Undergrad: 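Below: one structure in structure tokens.
The structure displayed is predicted, hence computed values, not measured ones.
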Amino acid sequence: MRVASIQMAIGDQPKEENLRRAEQLIDGLGRVDLVLLPEIWNVGYFSFDLYAAQAEDLSGETVSRLSKKAVERGCWVFGGSFVERRGDGLYNTSVLITPQGQVAAAYRKMHLFGFQSEESKLLRPGTEVVVAPTPLATFGITTCYDLRFPELYRKMAVGGAEVFLVASAWPYPRLEAWQILNRARAIENQVFLVSSNCVGVNRGSRYCGHSMIVDPWGIILASGGDEECVLEAELPVEKVAAVRKVFPAFTDRRLPV
């Protein structure tokens, strides 16, 4: 399985510019099986003043345009996340789209960030852990701050996840925490992890980039820097079972999830 993680530059530009840029970056890819985008890339995570006005449902413009790209490219698209209007509430929602343009899974971020952020005041937390079996692999879907909660990742691993997908808008100065947590979540669960983080300055906050593709041993297969870029790597999904057989830490655990 070949994956491409788009580390997208997000500033204070209009939503339409971000939508067009994401389409351009997807169009510029070679053959890939799965594309990833970051967290709330369509308006910018720190654009809290736009959350309510720019919220969409699962049939809205953002998902519709990503679905079209999935069909055009014949690949799966992990559409990062967007602010979803669902009933009378707003959610930070990530979607996994099939090559046929259908939404295969939707994850609503469980752990909302409150430190120097309005997210936890404006949005509602999701309540469901999402593990999505696909012909490529079984994916566990999470968003940004979720990385600080290892119990969520263990529950997904126990549920069969072979690859963790992480959409993020992680800012400076917490770069070291970001780098450690990406690798830790992969190592402790012996799975692949692919993250897509933003770069740029949005509402005065600078994203730290350094998106990653990490293997079940915690080895970094690809990593971004501080600029917009695309990371690509081959993920031999069968390596998850092979690593666990060689080093059976996952089955040696004693405490239940």
Side-chain angles (χ1 to χ4, degrees), residues 1-5 7 32-36 38-39 75-76 78 80-81 94 96 98 104-111 125-168 170 174-197 210-224 231-257:
M1 174 177 63
R2 188 160 188 83
V3 301
S5 175
Q7 180 169 286
V32 295
D33 300 300
L34 172 68
V35 179
L36 285 82
E39 181 183 18
C75 68
W76 290 76
F78 176 59
S81 75
S94 296
L96 180 64
T98 72
Y107 167 70
R108 295 170 180 92
K109 186 177 181 182
M110 298 179 73
H111 302 100
T127 57
E128 296 182 9
V129 177
V130 174
V131 175
T134 78
L136 297 179
T138 299
F139 296 112
I141 301 176
T142 64
T143 310
C144 201
Y145 188 41
D146 285 332
L147 279 169
R148 291 187 179 270
F149 299 88
E151 62 273 20
L152 171 59
Y153 290 82
R154 178 50 53 90
K155 190 162 188 176
M156 291 189 298
V158 170
E162 299 164 304
V163 182
F164 295 147
L165 305 180
V166 186
S168 191
W170 200 282
R174 295 181 292 278
L175 173 59
E176 287 190 7
W178 163 259
Q179 294 172 317
I180 290 168
L181 291 169
N182 270 260
R183 297 183 70 189
R185 298 294 85 90
I187 292 169
E188 68 196 4
N189 293 292
Q190 297 178 304
V191 302
F192 287 97
L193 181 146
V194 187
S195 62
S196 174
N197 196 25
H210 290 79
S211 303
M212 283 193 196
I213 303 175
V214 186
D215 85 352
W217 290 115
I219 296 170
I220 299 172
L221 304 179
S223 178
L231 311 180
E232 293 192 28
E234 292 283 348
L235 305 189
V237 178
E238 65 277 6
K239 187 173 183 177
V240 172
V243 169
R244 291 178 181 177
K245 184 176 181 180
V246 170
F247 193 82
F250 194 77
T251 53
D252 286 344
R253 61 197 176 88
R254 290 291 174 265
L255 296 176
V257 173

Undergrad: Got a sec, which pairs hit side chain to side chain donor-acceptor pair (under 3.5 Å) with one end in residues 127-137, sequence neighbours left out?
TA: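 Applying side chain to side chain donor-acceptor pair (under 3.5 Å) to every pair that reaches into residues 127-137, excluding sequence neighbours, yields nothing.
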
Undergrad: Can you list everything that forms a side chain to side chain donor-acceptor pair (under 3.5 Å) with Ser196? Sequence neighbours excluded, please.
TA: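 With neighbours one apart ignored, the set is empty.
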
Undergrad: On a heavy-atom basis, which atom in Val131 and which in Gly160 lie closest, and how many Å separate them?
TA: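 Reported closest heavy-atom pair: CG1-C, 4.5 Å.
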
Undergrad: Would you call Val214 and Ile187 a side-chain contact if the rule is heavy atoms closer than 4.5 Å?
TA: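 No - every pair of side-chain heavy atoms lies 4.5 Å or more apart.
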
Undergrad: With a 4.5 Å heavy-atom cut-off, do Ile220 and Ile213 have their side chains touching?
TA: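 They are not in side-chain contact.
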
Undergrad: Please test Leu147 against Asn182 for side-chain contact (heavy atoms from CB on, under 4.5 Å), starting from the C-alpha separation and ending with a verdict.
TA: CA-CA 7 Å; Leu147 279 169; Asn182 270 260; 3.8 Å; yes

Undergrad: With Glu234, which residues qualify under side chain to side chain donor-acceptor pair (under 3.5 Å), at least two apart?
TA: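 Testing Glu234 for side chain to side chain donor-acceptor pair (under 3.5 Å), a comparison that skips the adjacent residues, returns Arg2.
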
Undergrad: Identify, with sequence neighbours excluded, every residue that meets ring-ring contact (aromatic ring centres under 6.0 Å, His included) alongside Phe247.
TA: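 By the ring-ring contact (aromatic ring centres under 6.0 Å, His included) rule, Phe247 matches no residue at all.
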
Undergrad: I want to check something: taking the side chain as every heavy atom from C-beta on, are Pro125 and Met110 in contact at a cut-off of under 4.5 Å?
TA: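 A side-chain contact under 4.5 Å is absent here.
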
Undergrad: Using a distance-only test with no angle check, is there a side-chain donor-acceptor pair under 3.5 angstrom linking Thr143 and Ser94?
TA: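 Judged by distance alone, the side chains do pair up.
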
Undergrad: Kindly indicate whether the side chain of Phe149, heavy atoms from C-beta on, has any atom under 4.5 Å from the side chain of Tyr145.
TA: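 Answer yes - side chains close enough.
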
Undergrad: Val243 and Pro216: which non-hydrogen atoms are nearest, and at how many Å?
TA: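 Val243 and Pro216 have their closest heavy atoms at CG2-CB, 4.0 Å.
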
Undergrad: Is there a side-chain contact between Trp76 and Asp33 (heavy atoms, below 4.5 Å)?
TA: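 Not in contact.
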
Undergrad: List for me each residue that meets side chain to side chain donor-acceptor pair (under 3.5 Å) alongside Ser5, sequence neighbours excluded, and say none if there are none.
TA: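 Partners of Ser5 under the side chain to side chain donor-acceptor pair (under 3.5 Å) test: none.
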
Undergrad: Classify the side-chain pair Ser211/Asn197 by whether it contains a donor and acceptor separated by less than 3.5 Å.
TA: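 No, Asn197 and Ser211 have no side-chain donor paired with an acceptor closer than 3.5 Å.
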
Undergrad: Which heavy-atom pair separates Pro236 from Phe192 by the least distance, and what is that distance?
TA: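 The pair with the smallest heavy-atom distance is O-CE1, 3.4 Å.
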
Undergrad: Which residues pass the side chain to side chain contact (heavy atoms under 4.5 Å, CB included) test with Ala105, not counting sequence neighbours?
TA: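 Leu96, Val130, Ala132, Ile141.
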
Undergrad: With sequence neighbours excluded, give me every salt bridge (Lys or Arg N to Asp or Glu O under 4.0 Å) pair touching residues 211-221.
TA: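 For residues 211-221: Asp215-Lys239.
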
Undergrad: Specify the closest pair of heavy atoms between Gln7 and Gly224, including all atoms of both residues, with the distance to one decimal.
TA: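 Heavy-atom minimum between the residues: OE1-CA, 4.0 Å.
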
Undergrad: With a 4.5 Å cut-off on side-chain heavy atoms, are Val166 and Arg185 touching?
TA: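 No, every pair of side-chain atoms sits at 4.5 Å or beyond.
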
Undergrad: Determine, stepwise, if the pair Met156 / Val129 fulfils side-chain contact (heavy atoms from CB on, under 4.5 Å).
TA: CA-CA 7 Å; Met156 291 189 298; Val129 177; 3.5 Å; yes

Undergrad: Name all residues meeting the side chain to side chain contact (heavy atoms under 4.5 Å, CB included) criterion together with Ala157; count only those two or more places apart in sequence or in a different chain, and write none if there are none.
TA: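 Phe164, Asn189, Arg244, Phe250.
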
Undergrad: Could you check Val237 against Leu136 for side-chain contact (heavy atoms from CB on, under 4.5 Å), going step by step and ending with a plain yes or no?
TA: CA-CA 8 Å; Val237 178; Leu136 297 179; over 6 Å; no

Undergrad: Just jot down the side chain to side chain contact (heavy atoms under 4.5 Å, CB included) partners of Pro133, sequence neighbours excluded, or say none.
TA: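 Residues passing side chain to side chain contact (heavy atoms under 4.5 Å, CB included) with Pro133: Thr138.
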
Undergrad: Nearest 0.5 angstrom please: Lys245 NZ to Gln190 CD, how far?
TA: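 So the gap between those two atoms works out to 14.0 Å.
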
Undergrad: Nearest 0.5 Å please: distance from the OH atom of Tyr107 over to the CZ atom of Phe78.
TA: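 If I round to the nearest 0.5 Å, the distance is 9.5 Å.
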
Undergrad: Does Leu36 reach the side chain of Leu165, with side-chain heavy atoms less than 4.5 Å apart?
TA: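 Side chain of Leu36 against side chain of Leu165, heavy atoms only: contact under 4.5 Å found.
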
Undergrad: List for me each residue that meets side chain to side chain donor-acceptor pair (under 3.5 Å) alongside Glu39, sequence neighbours excluded, and say none if there are none.
TA: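 Glu39 satisfies side chain to side chain donor-acceptor pair (under 3.5 Å) with Asn92, Lys109 once adjacent residues are dropped.
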
Undergrad: Where do Cys144 and Ser168 come nearest, in terms of heavy atoms and distance?
TA: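 Minimum heavy-atom contact is SG-OG, 3.0 Å.
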
Undergrad: Is any side-chain heavy atom of Tyr153 less than 4.5 Å from a side-chain heavy atom of Asp146?
TA: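 Sidechains of Asp146 and Tyr153: in contact.
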
Undergrad: Roughly how far, to the nearest 0.5 Å, is the CZ atom of Arg183 from the OG atom of Ser223?
TA: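 Ser223 OG to Arg183 CZ: 10.0 Å, rounded to 0.5 Å.
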
Undergrad: Go through the steps to decide whether Val3 and Glu232 satisfy the test side-chain contact (heavy atoms from CB on, under 4.5 Å), and finish with yes or no.
TA: CA-CA 6 Å; Val3 301; Glu232 293 192 28; over 6 Å; no

Undergrad: Does Leu175 have any side chain to side chain contact (heavy atoms under 4.5 Å, CB included) partners at least two apart in sequence or in another chain, and if so, which?
TA: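 Leu175 satisfies side chain to side chain contact (heavy atoms under 4.5 Å, CB included) with Tyr172, Trp178, Gln179, Cys208, His210 once adjacent residues are dropped.
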
Undergrad: Among all residues two or more places apart in sequence or in another chain, which pass the salt bridge (charged side-chain N to carboxylate O under 4.0 Å, His left out) test with Glu162?
TA: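 Counting only residues at least two positions away or on another chain, Glu162 forms no salt bridge (charged side-chain N to carboxylate O under 4.0 Å, His left out).
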
